[in-house]
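Below, chain A is the first sequence line, B the second, and so on; all start at residue 1.
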Amino acid sequence: MNNYNPNKIEKKWQERWEKEKTYEANPSNEEKFFLTVPYPYTSGPLHIGHGRTYTLGDIFARFKRMQGYNVLWPMAFHMTGTPVHAISQQIKKGNKEKIELFKDYVKIYEENQEKAEEIVESFKDPYKVAEYFANAIHKDFRSLGYSIDWRRQFTTGDEDYQKFVEWQFHKYKEKGYLEQGNHPILYCTECENAVGEDDIKDGDRIKAEIETFTGIKYPYKEGYLVASTLRPETIFGVTNLFINPKTNYVKADVNGETWYISKKSAEKLERQGKKVKIQKKIKGKEIIGNKTLNPITKEELPIITGEFVDPDNATGVVYSVPAHAPYDYVALKEKGDLDKVKIKSIIETPGYGEHPAKEEVEKLGIKTQAEKEKLKQATTELYKKEFHKGKMKVKHEDFQGLTVEQAKEKASKWLKKQGKATEIYEVTSKTDQVHCRCGGKVTAVVMENQWFLNYGKEEWKQKAKRCLESMNIKPEIYREQFKNIFEWIDKRPCARKRGIGTKFPFQENWIIESLSDSTIYMAFYTIKNHLKNIEPNQLTQEFWDHILLDKGTPKKTSQSTGIPEEQINTVKKEFNYWYPNDQRHTAIAHLSNHLSFFIFAHAAIFTEKNWPKTITLNELLIREGTKMSKSKGNVIPLTNITKKYSADLFRAYIASAADMESVLDWREEEAKNMDKKLRKLHEETSKTKKGTTKPKEEDLIDQWLSAKINTHTKNAQKALEEYKVREYVQNALLNTQSTLKEYKNKKEKPNKELINHVTDKVLKINYPLIPHLCEELWEQKGHQTTLTEETWPQIHKEDLEKEKMMEVVDQVTTDIRQIQKITGIKKPRKIEIYTAPEWKRKAHRLMQKTKENIIGQLMKDEDIKKHGKEAVTYAKHLQKNKYNLPKEVLTQKQEQQALKSLKQYIEKQFKSQISIKKAQETKEPKAQKATPMKPAIKIEK
RNA sequence: GCAGGGAUGCCUGAGCGGUCAAAAGGGCUAGGCUUAGGACCUAGUGGCUUAGUGCCUUCAAGGGUUCAAAUCCCUUUCCCUGCACCA
């Protein structure tokens with residue numbers, strides 16, 4: 001009976017949209033709306049999580065079109081950066097795992113297996129990887145019915161795009177936002193490469209971090225013993241140094257000073273940008289027994305045996321603070337060295353006495369250094385408390401009274417400034433040592449002359465903040481996050497030496513990093529389709545300056561670039577028409593990077609009138625309660641959606657399953673339920689015809705239907721305007737359908753003309769959500785137009801009275817049922833309904849205006865007073881239930897009318913004779929129970 | 001650790017000072033339809049009580065503000081997300 005065939009319908013409309021170039025947007029006299037969603041990265045198939053973001057984007061685009069805007073929604077593909085490049089390299093190397101993985105990926109799209117082999121073979125060229133997946137994604141997007149203007153498509157590898165990015169970097173340079181400096185990165189000494197999370201063994205589990213240690217220089221012989229620490233504020237409490245007698249140390253020239261450090265750390269420091277020249281090898285035991293000085297307090301410190309000292313960790317020289325470091329205390333105690341030193345307490349923490357480390361160690365009963373777990377626990381416990389609640393009690397004007405949190409920062413800077421300390425980087429991770437996939441150890445290496453974008457620059461930051469302030473962020477809760485990010489965002493490397501990308505214009509062998517090249521590309525969409533016969537070298541600085549910043553004249557630009565003046569004018573007109581970007585919609589994962597850079601870049605480069613207007617965000621998507629991940633094998637590729645479900649089903653489910661700010665849990669079962677609803681919509685609407693503009697409303701039920709649909713339309717619109725997609729679906733799809741169902745239940749002979757009219761509206765408001773189905777039904781109804789040409793239905797003033805009148809009927813039926821249940825009267829012979837008299841309604845309204853002494857106030861009114869005892873009883877009832885009675889009440893006449901017009905419906909429900917009376921016109925005692933909106937009822941057996 | 005968000009009935013999940021025993025869906029129960037099943041329709045779904053009522057207990061835990069709190073404030077516990085060179 002149900003012949004809804006979504007695949008067929010969807011294909012039909014998609015072909016038609018493409019043929020008729022429906023979504024190709026050009027400048028016009030209409031008001032424009034420029035929507036963008038970040039271009040996808042082309043290193044593999046997209047999954048339904050991506051689909052969520054793009055689907056919401058399409059719903060917004062279609063809604064705006066229905067509201068009469070000239071909407072541009074373009075799309076491009078991202079291929080710069082490391083992943084595409086790395087895939088290619090791995091395949092070239094013959095990495096079996098990767099090859100298999102990509103064969104699997106390709107098989108998602110290709111039916112022919114042999115073809116997969118061939119295609120993966122071609123992936124040795126990174127551009128082929130990008131090209132293949134760009135095409136695949138393009139097909140996916142098309143099959144989901146996205147209303148994208150594909151003429152403006154490009155990839156970040158395109159020459160003209162790279163010219164555009166190059167220009168952007170010239171602007172940064174001009175403004176002084178580009179800087180060079182040292183920068184520590186994770187590095188594998190085995191394969192001699194910088195490593196990212198992807199390159200780290202178990203990178204998803206082991207989070208590697210680079211921590212900055214303060215290496216403090218203790219005078220020793222003609223140079224220094226250098227010991228590094230994360231707690232430089234403890235310099236005031238040092239009692240001794242530890243050296244491992246079995247370790248090899250070196251005397252080395254480091255940046256012109258003589259340092260005594262472990263041999264291994266000398267190698268490490270060299271990679272961290274220090275100039276190291278080893279002069280002599282020394283055994284640890286040769287150092288032990290000597291003395292050194294505390295560089296600040298000038299106290300003499302003994303150098304003691306510390307067999308626990310790891311030459312690989314930091315500098316192989318450890319300074320000891322037994323008052324506050326459990327490790328140090330235990331080390332000294334175990335070896336009986338405690339009497340060689342004088343413990344110094346420097347931090348005061350509530351809950352601890354003079355020697356917190358000792359207390360903590362004793363509390364946990366730690367006896368030896370071998371009890372590593374317990375020692376770790378003692379250390380974190382103590383550190384946590386000292387960090388948050390501890391105060392420095394050393395007698396030093398710069399530090400006394402500071403919290404540990406403040407002192408830590410200050411001590412590090414202070415020591416470095418005096419030349420008494422240096423920065424040393426260490427790789428740390430909570431779980432294990434960090435290894436590269438190749439097996440080598442990951443260390444911290446300093447990149448010299450790294451290029452940065454200085455987002456920390458005050459003037460730039462202020463502009464970005466202003467831009468943020470002027471913007472609309474939806475859901476609003478994310479604004480706070482942006483603000484926080486803007487506070488701490490600082491220098492960020494913007495160039496690197498591996499991967500694919502635009503050549504960095506100011507230095508050989510560097511390319512522009514792939515997040516930095518994707519911040520203002522929305523501007524590029526506006527003109528891409530007009531650059532066809534222009535050579536990349538014609539896209540000069542002058543060209544971009546003229547088009548994007550309105551500098552120079554068309555004539556001069558034409559002369560200097562050789563591009564015809566006419567074409568320059570076209571390009572410029574197009575940019576001026578579409579810019580700024582009205583809405584950027586994306587997933588929340590981009591908030592702290594891409595979106596923040598997007599704002600910063602616009603603030604830096606464009607004039608205020610071209611700053612973006614709105615950012616909308618959606619949360620991620622999980623599946624059946626668990627995160628989708630490659631390792632779990634539970635990823636649903638976007639391509640499978642139209643094979644297994646349908647575009648409209650996916651769209652409707654995605655939008656209805658969660659609000660944008662909530663994680664969406666993809667549940668197979670619920671998706672099926674949505675399928676039922678769409679089939680129902682198809683079935684019901686298939687029976688209808690094209691509606692007339694002003695159908696006759698025969699009775700109250702008809703009026704109610706019109707009113708209800710109007711309300712749903714209004715709510716749906718409001719919800720979309722506020723980006724509350726879930727609420728939109730609830731109103732546009734679910735509520736309208738249940739209202740129609742209710743109407744058919746209540747009305748003996750449904751008014752076909754009215755239903756035709758109303759379902760027209762329903763299709764319109766559902767079009768942004770499920771465009772294929774709506775277009776198809778619209779056509780079936782016999783309309784000559786398509787919905788794409790139609791506009792959002794007009795909203796009339798709400799007719800709440802009609803809705804209220806129906807509520808009274810519903811109230812009566814539930815009440816009757818309730819009474820039936822209690823009394824056990826299954827088949828009532830007769831049911832009498834009494835509506836409340838007008839004086840009770842008056843009292844009700846009066847009560848709402850009265851603040852206190854309700855009874856007294858009411859009894860002053862003549863109309864009420866004359867009902868004596870009954871009036872007092874009612875007034876008491878009002879007083880008691882002041883806050884939980886309906887706010888507005890109908891007149892008795894209206895209630896009578898409502899009940900009378902639904903009389904047949906009620907009779908049918910209860911298979912009983914119904915009579916409707918006014919309470920004041922009967923002597924029946926039960927009639928006194930009638931209140932406004934809740935008529936009295938008498939059921940007879 | 002820092003920052004942001006969260007904890008609601010059997011489940012998912014809305015509500016974010018009074019109309020809240022709390023939307024919507026699912027599940028479950030009963031009835032209708034049907035040869036039966038499914039689909040569909042109708043009703044019920046914290047407890048006790050009742051001619052449509054009233055009361056009690058509930059929105060992570062504890063405390064507070066208020067005539068009134070799931071909703072506001074504080075504390076605690078647990079969960080999710082991000083923390084940079086990775087797109």
Spacing of [X] atom [atom1] relative to [N] atom [atom2], expressed in whole Å:
| X | N | atom1 | atom2 | value |
| --- | --- | --- | --- | --- |
| A:Asn745 | B:C41 | CG | C1' | 8 Å |
| A:Glu661 | B:A7 | CD | P | 12 Å |
| A:Glu480 | B:G82 | CD | P | 20 Å |
| A:Gln820 | B:A51 | CD | P | 15 Å |
| A:His594 | B:C85 | NE2 | P | 19 Å |
| A:His590 | B:A84 | NE2 | C1' | 14 Å |

Where the side chain of [X] is defined as all heavy atoms beyond and including C-beta, which of [options] is the nearest nucleotide?
| X | options | answer |
| --- | --- | --- |
| A:Arg496 | B:U12, B:A87, B:C40 | B:A87 |
| A:Asp659 | B:A84, B:A51, B:A14 | B:A14 |
| A:Lys676 | B:C40, B:G52, B:A87 | B:C40 |
| A:Pro493 | B:G52, B:G4, B:C85 | B:C85 |
| A:Lys627 | B:U12, B:G52, B:U81 | B:U81 |
| A:Tyr41 | B:A84, B:G25, B:A87 | B:A87 |
| A:Leu734 | B:G82, B:A24, B:U50 | B:A24 |
| A:Ala936 | B:G52, B:U42, B:A87 | B:G52 |

Q) Please walk me through it: do A:Ser516 and A:Arg492 pass side-chain contact (heavy atoms from CB on, under 4.5 Å)? A) CA-CA 9 Å; A:Ser516 308; A:Arg492 186 180 191 281; 3.9 Å; yes
Would you indicate what [X] reaches in the nucleic acid, counting non-hydrogen atoms under 4.0 angstrom: base, sugar-phosphate, or nothing?
| X | value |
| --- | --- |
| A:Gln481 | sugar-phosphate |
| A:Asn673 | sugar-phosphate |
| A:Lys741 | sugar-phosphate |

Q.
Show, in sequence, the C-alpha distance, side-chain angles and deciding distance for A:Trp451 and A:Glu179, and conclude whether the side-chain contact (heavy atoms from CB on, under 4.5 Å) test is met.
A. CA-CA 6 Å; A:Trp451 288 92; A:Glu179 287 177 13; over 6 Å; no
Q. If you measure from the P atom in B:A36 to the same atom in B:C20, how many Å do you get, rounded?
A. 41 Å
Q: Check whether any side-chain N or O of A:Lys461 sits under 3.5 Å from a backbone N or O of A:Glu487 as a donor-acceptor pair, and report yes or no.
A: yes
Q.
Under 6.0 Å between ring centres: does that hold for A:Tyr455 and A:Phe597?
A. yes
Q. Under 4.0 Å between a Lys/Arg side-chain N and an Asp/Glu carboxylate O for A:Lys724 and A:Asp659?
A. no
